[in-house]
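Whatever order the structure lists ligands and atoms in, that order sets their numbers, starting from 1. Bear in mind the structure is a predicted one, so any value in this text is a computation, not a measurement. Numbers here simply count residues along the sequence, with the first being 1.
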Amino acid sequence: MLKKKIEEALNAQINAEMWSAYLYLSMAAYCHAQGQPGMGKWFEVQFKEEQDHAKILFNYVISRNGKVDLRPIEAVPTEWNSILNVFEHSLRHEQSITESINKLFALTSAENDYATQSMLQWFIDEQVEEEENVQTIIDNLNMIKDNGYGIYMIDKELGQRTYKAASPLV
Ligand code: FEO
């Protein structure tokens, strides 16, 4: 049985992951509108991965006989100044998610809930990859600046990304 404090924090994280999904869908729409279909597709894959993250937590709460509490998803931004600005926002967002996962992990230590802590280890590792991927795209965009051919090539490369379930826990 989950302790109430842990259940509450997991439900808040489910909402944060769903908000992330919604944010990335909005970023996908922005990229498509800017004539960058590959980047749009890249964010669509992010959208699906974030739903997976929410689902992993959802499955876990149920498996521990907890109560899933699905809350409203707040509105997300819909406009950015540039493609670079979108990816920078994405990195800041991932950093804030890393922080909330770290807090959740610390809470499981304080509450001696090692089963939840073990499940969260996957998220700790995933966040390293999430931040690294976005940072690489930002570095590439900064390198090419306004070079149209360079942007075209990055868009093409990002469009190669395909979705696969984030983990067997989904
Ligand atoms: Fe669910 Fe991108 O962190």
Side-chain angles (χ1 to χ4, degrees), residues 2 6-32 36 38-64 66 68-80 83-109 113 115-141 154 157-170:
L2 278 177
I6 301 279
E7 185 184 82
E8 160 59 33
L10 289 171
N11 276 313
Q13 193 62 38
I14 289 173
N15 187 265
E17 301 292 347
M18 291 303 290
W19 192 85
S20 302
Y22 205 31
L23 174 68
Y24 288 140
L25 193 60
S26 182
M27 289 177 170
Y30 175 83
C31 291
H32 282 295
Q36 306 295 343
M39 295 179 193
K41 191 171 166 227
W42 192 89
F43 276 115
E44 285 174 43
V45 175
Q46 278 296 93
F47 162 67
K48 288 185 185 161
E49 284 198 355
E50 297 303 343
Q51 290 178 85
D52 285 353
H53 297 173
K55 188 64 172 23
I56 292 168
L57 296 167
F58 171 99
N59 291 345
Y60 179 76
V61 171
I62 289 173
S63 74
R64 295 286 307 278
V68 170
D69 179 21
L70 296 179
R71 298 157 188 185
I73 301 167
E74 297 286 322
V76 292
T78 55
E79 287 297 334
W80 289 269
I83 290 295
L84 176 62
N85 192 231
V86 175
F87 284 98
E88 286 172 340
H89 185 180
S90 169
L91 178 60
R92 284 197 307 279
H93 178 64
E94 286 304 329
Q95 288 165 340
S96 76
I97 291 287
T98 299
E99 205 172 307
S100 63
I101 294 286
N102 287 346
K103 277 188 188 155
L104 197 42
F105 196 91
L107 179 66
T108 59
S109 289
D113 183 346
T116 302
Q117 188 168 91
S118 168
M119 181 275 299
L120 286 174
Q121 186 62 53
W122 182 87
F123 283 86
I124 300 269
D125 299 339
E126 172 77 0
Q127 283 309 118
V128 173
E129 197 188 311
E130 292 266 80
E131 288 189 28
E132 187 186 8
N133 289 344
V134 187
Q135 185 64 64
T136 301
I137 297 169
I138 292 171
D139 291 345
N140 289 339
L141 285 171
I154 290 179
E157 188 192 324
L158 294 182
Q160 301 298 314
R161 187 180 185 192
T162 54
Y163 166 76
K164 57 178 189 311
S167 132
L169 300 172
V170 175

Side-chain donor-acceptor contacts of residues 38-47 below 3.5 Å, not counting sequence neighbours, with atom names and distances?
unit_1	atom_1	unit_2	atom_2	d
Lys41	NZ	Gly159	O	2.9
Lys41	NZ	Arg161	O	3.2
Glu44	OE2	His32	NE2	2.7
Gln46	OE1	Arg161	NH1	3.1
Gln46	OE1	Arg161	NH2	2.8

Test your reading of the model: is there a side-chain donor-acceptor pair from Glu94 to the backbone of Gln127, 3.5 Å cut-off?
no

Count, excluding waters, the protein N, O or S atoms that are closer to atom 2 (Fe) of ligand 1 than 2.8 Å.
4

So, taking the atom named CZ in Phe123 and the one named CG in Leu104, what distance separates them when rounded to the nearest 0.5 Å?
9.0 Å

Treating Thr136 as the side-chain partner and Glu132 as the backbone partner, does any N or O pair qualify as donor plus acceptor under 3.5 Å?
yes

Of Glu50, Gln95, His93, the residue whose pairing with Glu130 passes side chain to side chain contact (heavy atoms under 4.5 Å, CB included)
Glu50

Salt bridge present between Glu99 and Arg92 (N-O < 4.0 angstrom):
no

